Participant: 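Handing you a structure now.
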Amino acid sequence: MRIDFRLVLVISLLAPFCRVAGADDHPTFCNRCVRADEEFLASDALHGRGSATRDEHIAATWAASLFASFGLEPGGDNGSFIQKAPLPNPLPDRAKRRIEKFEDTPRTETWNAVAILRGSNSSGSDSKTQQDAILLTAHLDHLGIGPAVNGDSIYNGADDDASGTTAVIELARTLSQGRRPKRTIIFALFGSEELGGLGSQYFLEHPPVPLDHIVANLEFEMIGRADPAVPAGNFWLTGYERSNLGPTLAKHGAHLVGDPHPEQKFFQRSDNYELAKRGIIAQTISSFNLHKDYHQPSDEISKLDIPYMTTVISSMVRPIEWLANTGWKPAWNPNGKP
């Protein structure tokens, strides 16, 4: 795979100059950045971004540098964009089995990248009346180095979940260009999802705003290919029937439909579920078509439909802008809360 790191670097360096602080009502989406992000995150150079490895740390640091260049506020530790999370000791059995299958390197911590676009309704010094927040998330990590398949031992995770990470980064880039929304928007990229959601669990215990101020969470997971199970140009939301969030976003332009694979229980299989169990309306945007490259070394950028992926991400800008500027709050439907 040929990676044009010069393009990635140039886009990163130019990002601060592309931002028109608080002045542009219709920010421009960076189509070229989608491929550039993927070519870095899913490159062999990052060895599949194994959970809690140095490669995951590099991905988190790279994302943090982009968040800083967009002019966002840090939401991590000690005024930084990085949230370092110590792993449980001992590790859960699921995490142990996963590490033993792939790498046997001792793991002690994982890394989240967190940034904040502060809303215009912020109360400033009155921390007791902090405003509502929208949370946009994805997971940074994948499986790393593992058993070779056809001579390839790097599990690049281009779709799972470099595609979702790219979505959060590019939404952060775009939304930071426009006028500040009324609600705060938090952009969080979690580590160690593949070890059982360890990064998101730590985030929940150390959130940048009180959890009861987060009115909605949209997780982005595996959006790199269209799913023929839904109409062309659409993508789906896990747990669509559980709340009124999906139908309402669809009314405001989101190309969202219900999850066509309910038997897979995807609502419970991403970081959104940890937040949903805390009462937050938290659901996952995806277009996973059950392709056979899932958790295989063949999940490479060459398999992605970049134009489709670009459409998915860019089409969510306006619905998220609406959600961040309305007083409306989503709610669980009867029996929808997990």
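The structure displayed is predicted, hence computed values, not measured ones.
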Participant: Is there a donor-acceptor pair under 3.5 Å between the side chain of R183 and the backbone N or O of A324?
Facilitator: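 No, because the side chain of R183 does not come within donor-acceptor range (under 3.5 Å) of the backbone of A324.
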Participant: Measuring from atom CG of D44 to atom CD1 of I301, what distance do you get when rounded to the nearest 0.5 angstrom?
Facilitator: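 Those atoms lie 11.5 Å apart.
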Participant: Side-chain heavy atoms nearer than 4.5 Å, only ILVMFWY residues, links allowed to pass through others: does that put I82 and I186 together?
Facilitator: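 Different clusters: I82 never reaches I186 through Ile, Leu, Val, Met, Phe, Trp or Tyr contacts under 4.5 Å.
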Participant: Could you please spell out the steps behind the side-chain contact (heavy atoms from CB on, under 4.5 Å) verdict for N31 and C33?
Facilitator: CA-CA 5 Å; N31 293 321; C33 297; over 6 Å; no
Participant: Which heavy atom of L46 sits nearest a heavy atom of D55, and at what distance?
Facilitator: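 That closest heavy-atom pairing would be O-CB, 3.1 Å.
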Participant: Hey, could you give me the CD/CG distance between E194 and L143, rounded to the nearest 0.5 Å?
Facilitator: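 It is 5.0 Å, given to the nearest 0.5 Å.
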Participant: Transitively linked via ILVMFWY side-chain contacts under 4.5 Å: L72 with F29?
Facilitator: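 Linked within one cluster.
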Participant: Evaluate the criterion side-chain contact (heavy atoms from CB on, under 4.5 Å) for residue pair H142 and D160; output intermediate values, then yes/no.
Facilitator: CA-CA 7 Å; H142 193 52; D160 182 18; 3.5 Å; yes
Participant: Say you draw a straight line from CZ of R225 to CG of D293; how long is it, rounded to the nearest 0.5 Å?
Facilitator: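 One finds 4.5 Å between CZ of R225 and CG of D293.
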Participant: For G191, does its backbone N or O pair with a side-chain atom of N112 as donor and acceptor, under 3.5 Å?
Facilitator: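 It does hold such a pair.
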Participant: Show, in sequence, the C-alpha distance, side-chain angles and deciding distance for E100 and R97, and conclude whether the salt bridge (Lys or Arg N to Asp or Glu O under 4.0 Å) test is met.
Facilitator: CA-CA 5 Å; E100 290 170 356; R97 290 194 298 270; over 6 Å; no
Participant: Would L87 and V114 show up in the same hydrophobic cluster when neighbours are defined by side-chain heavy atoms closer than 4.5 Å?
Facilitator: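 No, because L87 and V114 fall into different hydrophobic clusters, even though each may have its own neighbours under 4.5 Å.
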Participant: Just verifying a value: how many Å separate L171 CG and S176 OG, rounded to the nearest 0.5 Å?
Facilitator: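 That separation rounds to 10.5 Å.
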Participant: Check the hydrophobic clustering (I, L, V, M, F, W, Y; side-chain heavy atoms under 4.5 Å; chains of links allowed) and say if L237 and I320 are grouped together.
Facilitator: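 Yes, one cluster joins them.
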Participant: Has S315 got a side-chain atom pairing as donor or acceptor with T311's backbone, closer than 3.5 angstrom?
Facilitator: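 Side chain of S315 to backbone of T311, a donor-acceptor pair under 3.5 Å: yes, one is there.
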Participant: Could you tell me how the ring of W236 sits relative to the ring of H261: parallel (under 30°), tilted (30 to 60°) or perpendicular (over 60°)?
Facilitator: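 Answer is perpendicular, since the angle exceeds 60°.
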Participant: Indicate yes or no: at least one non-hydrogen side-chain atom of P86 is less than 4.5 angstrom from one of Y202.
Facilitator: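 They are in side-chain contact.
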Participant: If you take the centroid of each ring, where Trp contributes its six-membered ring, are Y294 and H291 closer together than 6.0 Å?
Facilitator: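 They do not qualify: ring centres at least 6.0 Å apart.
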Participant: Go through it in stages, so that I can follow the logic: the residues are S243 and Q283, the test is side-chain contact (heavy atoms from CB on, under 4.5 Å), and I'd like the CA-CA distance, side-chain angles, deciding distance and then a yes or no.
Facilitator: CA-CA 9 Å; S243 81; Q283 295 167 267; 2.6 Å; yes
Participant: Going by heavy atoms in the side chains, are T166 and I223 under 4.5 Å from each other?
Facilitator: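 Side chain of T166 against side chain of I223, heavy atoms only: no contact under 4.5 Å found.
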Participant: Which residue pairs satisfy the salt bridge (Lys or Arg N to Asp or Glu O under 4.0 Å) criterion with at least one member in residues 198-207, sequence neighbours excluded?
Facilitator: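 For residues 198-207, and leaving out neighbouring residues, the salt bridge (Lys or Arg N to Asp or Glu O under 4.0 Å) pairs sorted by first residue read E205-R278.
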Participant: Could you tell me whether a side-chain N or O of W332 sits under 3.5 Å from a main-chain N or O of G279, the two making a donor and an acceptor?
Facilitator: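 Pair found, side chain donor or acceptor close to backbone of G279.
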Participant: Under the side-chain contact (heavy atoms from CB on, under 4.5 Å) test, which residues partner P297, sequence neighbours left out?
Facilitator: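 So P297 forms a side-chain contact (heavy atoms from CB on, under 4.5 Å) with V149, D152, Y155.
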Participant: For the pair S314 (side chain) and T310 (backbone), establish whether a donor and an acceptor sit closer than 3.5 Å, ignoring hydrogens and angles.
Facilitator: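 Confirmed, S314 side chain pairs with T310 backbone.
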Participant: Hey, is K84 close enough to D77 for a salt bridge, meaning N to O under 4.0 Å?
Facilitator: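 No, this pair does not count.
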Participant: Using 30° and 60° as the class limits, which term best fits the ring planes of F235 and H255: parallel, tilted or perpendicular?
Facilitator: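 Tilted, since the angle between the ring planes falls between 30° and 60°.
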Participant: Are side-chain N/O atoms of N333 and N244 paired as donor and acceptor at under 3.5 Å?
Facilitator: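 Note: N333 and N244 side chains miss the donor-acceptor criterion.
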Participant: State, with a plain yes or no, whether a side-chain heavy atom of D161 is found less than 4.5 Å away from one of F190.
Facilitator: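 They are not in contact (no side-chain heavy atoms under 4.5 Å apart), so the answer is no.
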Participant: Quick one: do the S270 and E219 side chains pair a donor with an acceptor below 3.5 Å?
Facilitator: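 Their side chains do contain a donor-acceptor pair, which is all the 3.5 Å distance test asks for.
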Participant: If the condition is ring pair (Phe, Tyr, Trp, His ring centres under 6.0 Å), which residues does W111 pass it with, not counting sequence neighbours?
Facilitator: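 Ring pair (Phe, Tyr, Trp, His ring centres under 6.0 Å) list for W111, sorted by chain: H57.
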Participant: I'd like to know if the side chain of D227 and the backbone of A229 have a donor-acceptor N/O pair within less than 3.5 Å.
Facilitator: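 Between the backbone of A229 and the side chain of D227 there is a qualifying donor-acceptor contact (under 3.5 Å).
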Participant: Which heavy atom in A63 sits nearest to a heavy atom in A113, and how many Å separate them?
Facilitator: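 For A63 versus A113, the nearest heavy atoms are CB-CB, 4.2 Å.
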Participant: Taking atom CG of L323 and atom CH2 of W328, what is their separation to the nearest 0.5 Å?
Facilitator: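 Output value for this atom pair is 6.5 Å.
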Participant: Apply side-chain contact (heavy atoms from CB on, under 4.5 Å) to residues L66 and F187 and explain how you reach the verdict.
Facilitator: CA-CA 12 Å; L66 288 178; F187 306 92; over 6 Å; no
Participant: Check whether M309 and L189 end up in the same hydrophobic cluster, where Ile, Leu, Val, Met, Phe, Trp and Tyr are linked by side-chain heavy atoms less than 4.5 Å apart.
Facilitator: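 Yes, because M309 and L189 connect within a single hydrophobic cluster, where side-chain heavy atoms sit under 4.5 Å apart.
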Participant: Give me the atom names and distance for the closest heavy-atom approach of V215 to I134.
Facilitator: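 Residues V215 and I134, closest heavy atoms: CG2-CD1, 3.3 Å.
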Participant: Find out whether V257 and Y240 are in side-chain contact, i.e. whether some heavy atom of one side chain is under 4.5 Å from a heavy atom of the other.
Facilitator: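 A side-chain contact under 4.5 Å is absent here.
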Participant: Answer with yes or no whether the side chains of E56 and T110 bring together a donor and an acceptor at under 3.5 Å.
Facilitator: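 On atom types as modelled, these side chains qualify, holding a pair under 3.5 Å.
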Participant: Quick one: does Q177's side chain have a donor or acceptor within less than 3.5 Å of a partner on T28's backbone?
Facilitator: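 Yes: the side chain of Q177 pairs with the backbone of T28.
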Participant: What heavy-atom pair brings P181 and L117 nearest, and what distance separates the two atoms?
Facilitator: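 That would be CD-CD2, 3.8 Å.
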Participant: Do the side chain of S286 and the main chain of M222 share a donor and acceptor less than 3.5 angstrom apart?
Facilitator: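 Answer holds: yes.
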Participant: Indicate whether any N or O donor in one side chain lies under 3.5 Å from an N or O acceptor in the other, for T284 and N272.
Facilitator: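 Yes - a donor-acceptor pair under 3.5 Å links their side chains.
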Participant: One thing to verify: whether R35 and E38 come together as a salt bridge, which I'm taking to mean a side-chain N less than 4.0 angstrom from a carboxylate O.
Facilitator: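 Salt bridge between E38 and R35, a charged N being under 4.0 Å from a carboxylate O: no.
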Participant: So, S287 side chain and A226 main chain: donor-acceptor pair closer than 3.5 Å or not?
Facilitator: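 Answer holds: no.
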Participant: Flag the pair I313 / F220 as yes when at least one side-chain heavy-atom distance between them is below 4.5 Å, and no otherwise.
Facilitator: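 The answer is no; the side chains never approach within 4.5 Å.
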Participant: If you measure only the distance, is there a donor-acceptor pair under 3.5 Å linking the side chains of D271 and H139?
Facilitator: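 H139 and D271 do not have a side-chain donor-acceptor pair below 3.5 Å.
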Participant: More than 12 heavy atoms of other residues, nucleotides or ligands under 6.0 Å from CZ of R94: is that the case?
Facilitator: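 Check passes, neighbour count above 12.
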Participant: What's the shortest heavy-atom distance between I281 and A331, and which atoms?
Facilitator: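 So the two residues come closest at CD1-C, 3.7 Å.
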Participant: Decide yes or no for L198 and P88: does some side-chain heavy atom of the first lie under 4.5 Å from some side-chain heavy atom of the second?
Facilitator: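 Touching, per the 4.5 Å side-chain cut-off.
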Participant: Please confirm whether the backbone N or O of A138 pairs with a side-chain atom of T165, one donor and one acceptor, at under 3.5 Å?
Facilitator: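 Not at all, since once roles are kept as given, no pair shorter than 3.5 Å links the two residues.
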Participant: Determine whether Q83 and F203 make a side-chain contact, defined as any pair of heavy atoms from C-beta on separated by less than 4.5 Å.
Facilitator: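 Yes, side chains in contact.
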Participant: Could you tell me if T137 and N217 have a donor-acceptor pair between their side chains, going purely by distance under 3.5 Å?
Facilitator: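 Side-chain D/A pair, N217 to T137: present.
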Participant: Less than 4.5 Å apart, any side-chain heavy atom of K182 and any of Q131?
Facilitator: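 Side-chain contact under 4.5 Å: no.
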Participant: To the closest 0.5 Å, what do you measure between CG (L218) and CD1 (I185)?
Facilitator: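 Answer rounded to 0.5 Å: 10.5 Å.
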Participant: Carefully, step by step, assess E321 and R318 under the rule salt bridge (Lys or Arg N to Asp or Glu O under 4.0 Å).
Facilitator: CA-CA 5 Å; E321 284 183 320; R318 292 294 180 86; 3.7 Å; yes
Participant: Compare every heavy atom of A188 with every heavy atom of V168, then report the nearest pair and how far apart it is.
Facilitator: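 Smallest interatomic distance, heavy atoms only, reads CG1-N, 4.4 Å.
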